[in-house]
Trainee: 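Take a look at this one; I'll ask things after.
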There are 2 protein chains.
Amino acid sequence: MAEPWHEELRARGYRVTPQRQLVLEAVTALRHATPEEICTEVQRTARGVNISTIYRTLELLEQLGLVKHTHLGHKPPTYHLASEADHVHLVCRGCGEVYDVTPTVAKGLVDVLEQEYGFETDVQHLTVYGRCRNCRTT
Amino acid sequence: MAEPWHEELRARGYRVTPQRQLVLEAVTALRHATPEEICTEVQRTARGVNISTIYRTLELLEQLGLVKHTHLGHKPPTYHLASEADHVHLVCRGCGEVYDVTPTVAKGLVDVLEQEYGFETDVQHLTVYGRCRNCRTT
DNA sequence: ATGTTTGCAAAGGATTTGCAATAAA
DNA sequence: TTTATTGCAAATCCTTTGCAAACAT
């Protein structure tokens with residue numbers, strides 16, 4: 001229970017609550033989960049937790065730099081741990097699967113945008129849509 | 001008024017209405033506009049047009065392949081003409097500006113994903129977040 | 001005339017907010 | 001005790017849907 005982020009919270013005048021711990025655990029366990037899905041996961045342990053608490057907690061955790069969110073197509077934003085190695089998301093239009101791949105795949109893109117447009121790419125938020133190997137053959 | 005898509009519509013049993021023409025004109029004029037913004041634009045000419053008509057029309061026009069939509073961050077989907085040359089979107093986190101750039105910037109990325117992961121990239125739906133030249137210097 | 005399309009109002013899903021009660025410090 | 005946090009309900013925002021009236025063909 002002596003997790004480092006507990007002190008981080010208190011130092012900023014926030015409080016460590018069971019709800020906040022559970023949300024962080026859920027984000028850790030689920031990877032790329034929507035608020036709704038996180039809520040369901042949290043409620044497996046603590047039934048009473050309200051969806052609005054989930055939203056407020058995710059906002060706080062993101063502010064603290066513990067989690068991040070991405071927009072994957074139509075669906076609500078999905079959250080994942082910030083500490084996870086940075087990755088690029090591949091979203092398959094066929095099966096809907098989300099794959100994480102190394103940011104190095106985007107090196108060429110990043111370099112071109114930098115040189116040609118002076119644009120600094122946020123690689124961690126890069127999402128690529130398309131068709132995965134499985135769905136292309138079927 | 002003898003636009004080619006009019007026949008296309010009728011051929012499929014749909015009807016050519018003022019609302020549909022206005023929506024297409026608005027999408028043409030605005031580029032990357034949300035349904036809300038398109039509605040406002042349309043209403044400058046025809047006040048009575050309802051937002052639900054905008055949604056239904058955009059859905060129809062997209063089905064016909066005349067317009068496409070993209071998800072740009074938090075905001076509602078934005079629509080643009082399908083006939084516009086394909087492009088990659090650069091979204092600046094600083095000023096919110098959306099830049100269109102040639103899909104060739106993604107060649108490296110596309111090739112790597114193809115070779116390493118067997119993933120077929122949908123370049124037209126690629127959106128890159130980051131900071132534009134202006135916002136980096138300021 | 002016939003069947004599509006529209007405007008309106010109501011329903012829906014996701015997210016936010018106000019507030020009194022609860023719990024962390 | 002003090003004040004941040006929670007649960008609840010209501011409010012908002014965006015989008016969809018049902019339906020009768022209006023319009024394109």
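Per chain, numbering begins at 1; letters A, B, ... match sequence-line order. The model shown is predicted, which means the values in this text are computed figures rather than measured ones.
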Trainee: In terms of relative ring orientation, are B:H80 and B:H87 parallel, tilted or perpendicular, with 30° and 60° separating the classes?
Mentor: tilted

Trainee: Picking from C:dA25, D:dA24, D:dG7, which would you name as closest to the side chain of B:T17?
Mentor: D:dA24

Trainee: Between atom CG in A:L64 and atom P in D:dT5, what is the gap in whole Å?
Mentor: 10 Å

Trainee: Are the charged groups of B:E114 and A:R136 less than 4.0 angstrom apart, N to O?
Mentor: yes

Trainee: Rounded to whole Å, please give me the gap between OH in A:Y55 and C1' in D:dT5.
Mentor: 19 Å

Trainee: Taking the side chain of A:S52 as its heavy atoms from C-beta onward, which of C:dT17, C:dG7, C:dA14 lies nearest to it?
Mentor: C:dT17

Trainee: Any side-chain N or O of B:R20 under 4.0 Å from OP1/OP2 of C:dT6?
Mentor: yes

Trainee: Could you tell me the separation between the NE2 atom of A:H6 and the C1' atom of C:dA25, rounded to a whole number of Å?
Mentor: 14 Å

Trainee: Kindly say whether A:T53 contributes a backbone atom to a donor-acceptor pair with the side chain of A:Q19 at under 3.5 angstrom?
Mentor: no

Trainee: Give the rounded distance in Å between these two atoms: CG of A:L58 and P of D:dT5.
Mentor: 15 Å

Trainee: A:R15 has a side chain; which of D:dT6, C:dG7, D:dT2 sits nearest to it?
Mentor: D:dT2

Trainee: If you assign B:R56 and B:G13 each to the DNA chain C nucleotide with the nearest heavy atom, which residue ends up on the more 5' nucleotide?
Mentor: B:G13

Trainee: Taking 4.0 Å as the cut-off, does a side-chain nitrogen or oxygen of B:Q19 come that near to OP1 or OP2 on C:dG7?
Mentor: yes

Trainee: When the nearest nucleotide of DNA chain D is assigned to B:P18 and to B:P76 on a heavy-atom basis, which residue is associated with the more 5' position?
Mentor: B:P76

Trainee: Can you tell whether the side chains of A:R44 and A:E41 come within less than 4.0 Å, N to carboxylate O?
Mentor: yes

Trainee: What's the closest nucleotide to the side chain of B:Y14 if the choices are D:dT5, C:dT5, C:dG7?
Mentor: C:dT5

Trainee: Whole angstrom is fine here: how far is it from CD1 in B:I51 over to P in D:dT16?
Mentor: 10 Å

Trainee: To the nearest Å, give me how far apart CD (B:Q21) and P (C:dT5) are.
Mentor: 13 Å

Trainee: Whether A:E7 and A:R10 form a salt bridge (side-chain N of Lys/Arg under 4.0 Å from carboxylate O of Asp/Glu) is what I want to check.
Mentor: yes

Trainee: Grab the CG-P distance between A:L9 and D:dT3 for me, whole Å please.
Mentor: 19 Å

Trainee: So, is A:R10 close to the C:dA24 phosphate, meaning a side-chain N or O under 4.0 Å from OP1 or OP2?
Mentor: no

Trainee: Could you state the atom-to-atom distance from CD of A:E37 to P of C:dA14 in whole Å?
Mentor: 11 Å

